[in-house]
Each structure stands twice: as C-alpha cells, then as structure tokens.
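Here is the structure we will look at, set down as structure tokens.
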Amino acid sequence: MILVITEKSRIAQILCASLAHGSCRSRPLHGVQVREFTERGEPIIVVPLEGHITEMDVKDGYSDWRSVDPIVLVQDPTAIQKYYKSMKHVSALRELAPRARLVVVATDADEEGCAIGADALKVVQKYNPGIQVKRLWLSTTEPGDVRDAWSRLIEPKYTWANAVEARRRIDAMIGFSATRELTLLAEDAMRSRLRGVLSVGRVQTALLTLLYRREREIQSFVPKPYWSIYADATVNGESLRLSYEGNPLWSQEEAAGIVKGLGGVTRGRVSRVESKERSVPPPPPLNTTRMLRLLSSQLHVAPSRAMAMAEELYLEAAITYPRTDTDRFTTFNHRRVMEILAGERSQLSAFAREVLERNPSVHLTRNGSRNAGDHEPIAPVGLPKSSDEGLRKAWELIARRYLALFYPPAVVSESVMHVDVGGRPFKAEGGSLLNPGFLKVYGSVERFQDNPLPKAAEGDEVIISKIYYRKSLTKPPPRYTEAELVTLMEENGIGTKSSRPEIISILKERKYISVSGGRVYVTELGSKLAGLLEEVWGDFATPTFTKHVEDLMERVKSGASSWEGALEEVRAKYMELFTKLRENKGRILATDGADEKPRDAS
C-alpha cells in the first residue's frame, strides 16, 4: 500500500482525478476524510492535512506572564516546545503507517509545505521506521503534469523543512518573550500611553518600524514653496505649453522679475529640436513578489487576497504554482500553453495566435535571471474554470503578462523642443509610440501616454500668447500602497514570499496599520508601539536583525548550516538584544515611575 500525505483536501481530490481518473472512494478515518484508489493494482490511500499539524508553545509551567521572567524563554533551550494540535490526523497516520510500504509526501511544493510534510512524516516513521519515503513535487495541477510528476517522484527536501523548523522556533522564542516583556513594561510604566497586549514579532515589528518612519517623515514634513514659469505658445498652427528651463525657482521675486522682463515678448524661435528613439522591453516573468504586486495594484485587493486568488487558480490548473522566487523559464512547454491560449474558448486567443504566426518557435523576447530551483515562473497553463469575475481578471492579468514576453519591445520616440523666448531658454517635452510591441497585449496594465510635440524645426517662429508663473509646494514622500509593501519587505529582507501577505494582514488585524484610499496609514496605536520600540529596542526593531535571520535560514535551506546551529546562533544574538532592552527598560521604568503618582494600595 502507498500512503500519500497532502496539505489540503483539494489536492487529494486532484490526485484522485488525475491518477485514478475519478474512480476514488472517500471514507472517514478518525475524523479525517481519506481517499482510496488503486493505481497499477496497488492500493493508494491519501490523507489530506489541514496545514500544520503542530504548533509552537511554551512548555508546561511557563504560561504565567508574571511568575516566569520573559528572559527565561530565551535562556532555556527547552522553553519552546512543539505540540501536535491536530490529533485526528496523527491518529489516522498512526493507523495507516504500519500497512504502507511507501509514503509519498505531496504537501505544497515550497518550504512551508516541506515542513508540514516533515511533521506528518515523523508520525509515519515512528510507527513504520523502515518505510520508503518519496516526494511528489507539483508545479501545476493539470492532470497530465500530475501524472508525469507521479512517475518521477523525487527525494524529500529535508533541508527546506529544516529551515522552516528553525524559523518557527526562532519566531516563537522571540514572539513569546518580546510580547511579554513589552506588554509588562507598558503595564508597569506606561499605563497612560499603551494598554493591553502588545504584539511584537521579528518580522511584523520590522515592517511596522519602516512604516512608522515613513509616517513620521510625512507628519514632520514642512512644505516648501517654489515657483515655475510657463509660456502658452503656438508653433506652426499647433498649441503647446513651454516650461522655463530654470524651473523650479525658490524665490517668488525672481520668478516675478523674469516674467516682468518678458512682458513685451510675443515671439520666440525654435533653437533646436532633439529626438531619440527608445526601446522598452516587456516586463520580466512573474515570481511571487511581482505577481502579488500586479494583482494587488490592478485589482485593488490586499496581498493576502491576491495570494488566495492565485492559489485558487493553481488548484483549478489555470496557472503554475504561485509561490516561487524563480523568474527565469528553463524547461517550460511554451508551445503547449500558447496553443491552449489560442483556443476558441480563450479570451486572449487573438494574441496567442499572433504569437504562433509571427514567432513559430515560441521564442521568448524577455526572460528572467534567477532560477531558484523550485518551479518555473508563474504563468498560465490552462483556462480558468471558475465563473468568479475577480478570479478571471486575475488570470487574465497573469496571462497577459506571460503573452507580453513573446512580443517585441515597444519603440517610443522622445522629443524636446528648445525655444528662445526673449533671450530666456524654454522647452517643451513630448513622446509618441512608434511601435506598440508588447503593449499591444499589455497596454491595459502598462499604459503609455501618447503626447507628440507639434512638428517644428530649428528657426521656426513661435507665437507667445501668455507668460506666467505658478506657485507650488514640495510634497512629502507618499504613503505606501499594500502592493508596494510586498516589494518593500523583499528589498529589506523582511519575511518570505509566502509569509509577507500574512504579515501585512496581521498588522491590520492588530490595528497597528489601516488602509484608506489605497494607502497604508500607521494608526495611533501602531505609532505608540513603534515609538516605544524605537526608544527602548531600536536594534531589534530595524530590519537588520530579521534580515540576518533570513540569511541564516537560506544557509539552512541550502544545507550549509544545521537548523540547530542556526537556532543557537540567533538565540545568542537575540540574547544580546534582549539584554539591551532590559538596560533601556530600567531607564524607562525609573523615569516614568518618578513621573507617575503612587496608586492607592486599597
């Protein structure tokens, strides 16, 4: 008998449909709905999990916040324990394990899926120590691809699971100890500033700090006035607006003086016209970060919702696996996908047919640079089955991005007309699209503003109808959109491709940030917490520490470091940071305690 472990019931259904052609029996086992079928005469039983079957928590005797010093959660290597939280799955695996000759781990094909599978595998191996172990690595859920992957089972990626194991233990150690320490500090010394449990974590705190700093920069920004001079003009019968080449001016008196000096000027002359063509390549293939930003910005949804939509499209066999750092195609079957997109049922059939006609070898115009060794870039592999309008729009965006990779670059003409007006240099800038290239299919996403200049040559006369100046104010840096947060986190080494949408959601759920008008704001509570952290624990709050942890996790994933060694290295570094927090905490308690009135003992 072959025992198969999946991460969710949908994958169990897909395996049945692909390998048993739908001839599959479902039955309950210890509260788990397992699926059974026969493949080449051998029984196969699929046990679908519901995500992690384990959770991290403090060990018995460490639950009381006041009686157990939070620093003990860092000092004691046994303080954080892993417990089974889903005993029904443990019971089902325990019963099936002794009968199996082979266990196939078919959890999601990423680091988190490897860790989920590893925990389940330990249960199986406890009751069948000598069982053979293989890994099913699915990059799509298209039935043919599933059968192909089943025929080419691979060895488990244990080091990937180890990286998640270390990360989970590190984050539990930090989360439990930091949340307790900061909450107790707020209760003891800052009752008027912060109340309730303060949620602190290695990843969420680093992101909150970046947002708080941007918010503080915006709030403290003092607008500075500046002036710009313009001239409304006509050349060869066509109107245009000229800008003074000395803009901006930081003195109203200077701007007024220049305009006054040009008061009688009604004619100008073209001094030169500069034109150049620029080639604009298609955007690179989609990895998870780019996909999240694309869907979030274009569909105006949170990154967590964008990820859920991509996950659903993957389960519908409409796109490849949506969690990958890879953006370089290597062995992808472009012709097969292009023929699917060219079919009658495809809303993008005209573009796909054009690619097949003009590019018979289906050669990429643009490819990426990174092959992370997990999957191909995110791309369509079939048509969406759902009638949900949002999902179909998400698929179309992904498919258009993919199709754009086979179109030539867009060609843009950029022009600058320089005009002498009363001895002062003015100019007008414009551009026009000479060849749409990939914008033919992707222009609804990457829009080009066609703004051609009037035809003119050196020496042509320019009629000036009005010369004036306008006052403006400098603007603070903009607040981030949710889509931009994903990129911000990646650039600063905060979180993983899978966890970033969740971290953003956590900050919203904790009411540390809010979203209004498509922009992210730090709430009053979030500002108070971030301000406190910067005051007493700046070294921890910055992204430097969390990036160091993620770099270590990459070493564990590659097999260069053990997860136990990485955990102890982080523990030592975090202990230094925690000690600094204690030093600063003592100063805060002394200061705030002196300022507060004694409480009535009664």
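Quick caveat: nothing in here was measured; it's all calculated off a predicted structure. We count residues from 1, following the sequence as given.
A salt bridge links R167 with E550: the distance from a Lys NZ or Arg NE/NH1/NH2 to an Asp or Glu carboxylate oxygen falls below 4.0 Å. Checked for salt-bridge contact, K276 and E274 miss the test: no charged N lies under 4.0 Å from a carboxylate O. With respect to the salt-bridge test (charged N to carboxylate O, under 4.0 angstrom), the residues D551 and K547 qualify. A salt bridge does not link R10 to E311: none of the charged side-chain nitrogens sits closer than 4.0 Å to a carboxylate oxygen. A salt bridge does not link E490 with K497: every distance from a Lys NZ or Arg NE/NH1/NH2 to an Asp or Glu carboxylate oxygen is 4.0 Å or more. With respect to R202 and D171, a salt bridge is recorded, a charged nitrogen being found less than 4.0 Å from a carboxylate O. Ion pairing between a basic and an acidic side chain is recognised when a charged N comes within 4.0 Å of a carboxylate O; R392 and E396 show no such pairing. A salt bridge does not link K455 to D460: none of the charged side-chain nitrogens sits closer than 4.0 Å to a carboxylate oxygen. The residues E245 and K427 are annotated as not salt-bridged, no charged nitrogen and carboxylate oxygen being separated by less than 4.0 angstrom. Classification of E217 and R213 as a salt-bridged pair fails, no side-chain N sitting under 4.0 Å from a carboxylate O. A salt bridge between K385 and E312 is absent, with no side-chain N of the basic residue lying under 4.0 Å from a carboxylate O of the acidic one.
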inquiry  = Is there a side chain to side chain contact (heavy atoms under 4.5 Å, CB included) between L299 and M309? Walk through the geometry before answering.
reply    = CA-CA 11 Å; L299 301 179; M309 296 169 86; 3.8 Å; yes
message = Using the rule given for side chain to side chain contact (heavy atoms under 4.5 Å, CB included), can you reason through T141 versus I11, listing the C-alpha separation, both sets of side-chain angles and the distance that settles it, and then say yes or no?
response = CA-CA 8 Å; T141 58; I11 294 295; 4.1 Å; yes
Intermediate values then yes/no, salt bridge (Lys or Arg N to Asp or Glu O under 4.0 Å), D108 and K8 = CA-CA 9 Å; D108 284 356; K8 48 182 73 76; 2.8 Å; yes
request  = Report the C-alpha distance between T487 and R293 in whole Å, list the side-chain angles of each, state the deciding distance to 0.1 Å, and finish with yes or no for side-chain hydrogen bond (donor to acceptor under 3.5 Å, both in side chains).
outcome  = CA-CA 8 Å; T487 303; R293 182 161 183 169; 3.2 Å; yes
request  = Check step by step if side chain to side chain contact (heavy atoms under 4.5 Å, CB included) holds for E482 and K508.
outcome  = CA-CA 11 Å; E482 284 190 89; K508 289 194 290 186; 2.8 Å; yes
request  = For S369 and D327, run side chain to side chain contact (heavy atoms under 4.5 Å, CB included): C-alpha distance rounded to whole Å, both residues' side-chain angles, the deciding distance at 0.1 Å, then the answer.
outcome  = CA-CA 6 Å; S369 59; D327 72 347; 4.2 Å; yes
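Heavy atoms of other residues, nucleotides or ligands lying less than 6.0 angstrom from NE2 of H363 number 12 at most. The local environment of CZ in R479 is crowded, with over 12 non-hydrogen atoms from other residues, nucleotides or ligands closer than 6.0 Å.
Checking T324 against T288 by side-chain atom types alone, no donor-acceptor pair falls below 3.5 Å. Side-chain atoms of E253 and S251 include a donor-acceptor pair closer than 3.5 Å. Inspection of the Y468 and D232 side chains reveals an N or O donor paired with an N or O acceptor under 3.5 Å. R401 and Y442 share a side-chain donor-acceptor pair at under 3.5 Å. Between the side chains of E376 and S139, no donor-acceptor pair is found at a separation under 3.5 Å. Between E111 and T496, the side chains place no donor N or O within less than 3.5 Å of an acceptor N or O (distance only, hydrogens not considered). Looking only at atom types and distance, the side chain of Y321 has a donor-acceptor partner in the side chain of D110 under 3.5 Å away. Side-chain N/O atoms of Y407 and E354 include a donor and acceptor closer than 3.5 Å. A donor-acceptor contact closer than 3.5 angstrom is absent between the side chains of S271 and H418.
Here the side chains of V412 and E277 are not in contact, with every heavy-atom distance at 4.5 Å or above. The shortest side-chain heavy-atom distance between T365 and F438 does not fall under the 4.5 Å cut-off. Considering only heavy atoms from C-beta on, Q204 comes within 4.5 Å of S199 through its side chain. A 4.5 Å side-chain heavy-atom check between E7 and I116 finds at least one atom pair inside the cut-off. Two residues are said to be in side-chain contact when any heavy atoms from C-beta on lie closer than 4.5 Å; Y226 and K471 fail this criterion. The shortest distance between side-chain heavy atoms of L341 and P380 falls below 4.5 Å. Side-chain contact between V445 and L294 is present, with at least one heavy-atom pair separated by less than 4.5 Å. Contact annotation: the side chain of I504 approaches that of P303 to within less than 4.5 Å [non-hydrogen atoms, C-beta and beyond].
Aromatic ring orientation, Y402 versus F329: perpendicular (interplanar angle above 60°, classes split at 30° and 60°). Using the six-membered ring where Trp is involved, F545 and F540 have ring planes that are tilted, between 30° and 60° apart. Taking the six-membered ring where the residue is Trp, W137 and W160 present perpendicular rings, their angle passing 60° and hence far from 30°.
Minimum interatomic distance between Y212 and G531 (heavy atoms only, all atoms of both residues): OH-CA, 3.6 Å. Looking at every heavy atom in both residues, S432 comes nearest to F448 through C-CE2, 3.8 Å. Across I464 and G268, no two heavy atoms sit closer than the pair CG1-N, 4.1 Å. Here the shortest heavy-atom pairing between L207 and I494 reads N-CD1, 4.1 Å. Across P501 and M307, no two heavy atoms sit closer than the pair CG-CB, 4.5 Å. Summarising the geometry of P322 relative to A310, their closest heavy-atom pair is CB-CB, 3.7 Å, with the distance given to 0.1 Å.
In this structure a side-chain-to-backbone donor-acceptor pair under 3.5 Å is missing from S296 to A306. Between the side chain of N451 and the backbone N or O of G431 there is no donor-acceptor pair closer than 3.5 Å. The closest donor-acceptor contact from the side chain of E484 to the backbone of T481 lies under 3.5 Å. Between the S349 side chain and the A342 main chain, no donor and acceptor come within less than 3.5 Å of each other. Using modelled atom types, one side-chain atom of T523 and one backbone atom of Y512 make a donor-acceptor pair closer than 3.5 Å. A donor-acceptor contact shorter than 3.5 Å links the side chain of N247 to the backbone of Y244. In this structure a side-chain-to-backbone donor-acceptor pair under 3.5 Å is present from T209 to A541.
In this structure, R470 forms no cation-pi arrangement with Y230, as its terminal cationic atom is not both closer than 6.0 Å to the ring centre and no more than 45° off the ring axis.
In this structure, R241 CZ and S239 OG are separated by 12.0 Å, a value rounded to the nearest 0.5 Å. Considering OG1 of T326 and CD1 of I378, their distance stands at 9.5 Å, rounded to 0.5 Å. The line from OG of S499 to CE of M489 is 6.0 Å long, rounded to the nearest 0.5 Å. To the nearest 0.5 Å, the span separating CG on L249 from CD1 on I258 amounts to 5.0 Å. How far CG of L529 is from NZ of K511: 15.0 Å, rounded to the nearest 0.5 Å. To the nearest 0.5 angstrom, R290 atom CZ is 14.0 Å from L295 atom CG.
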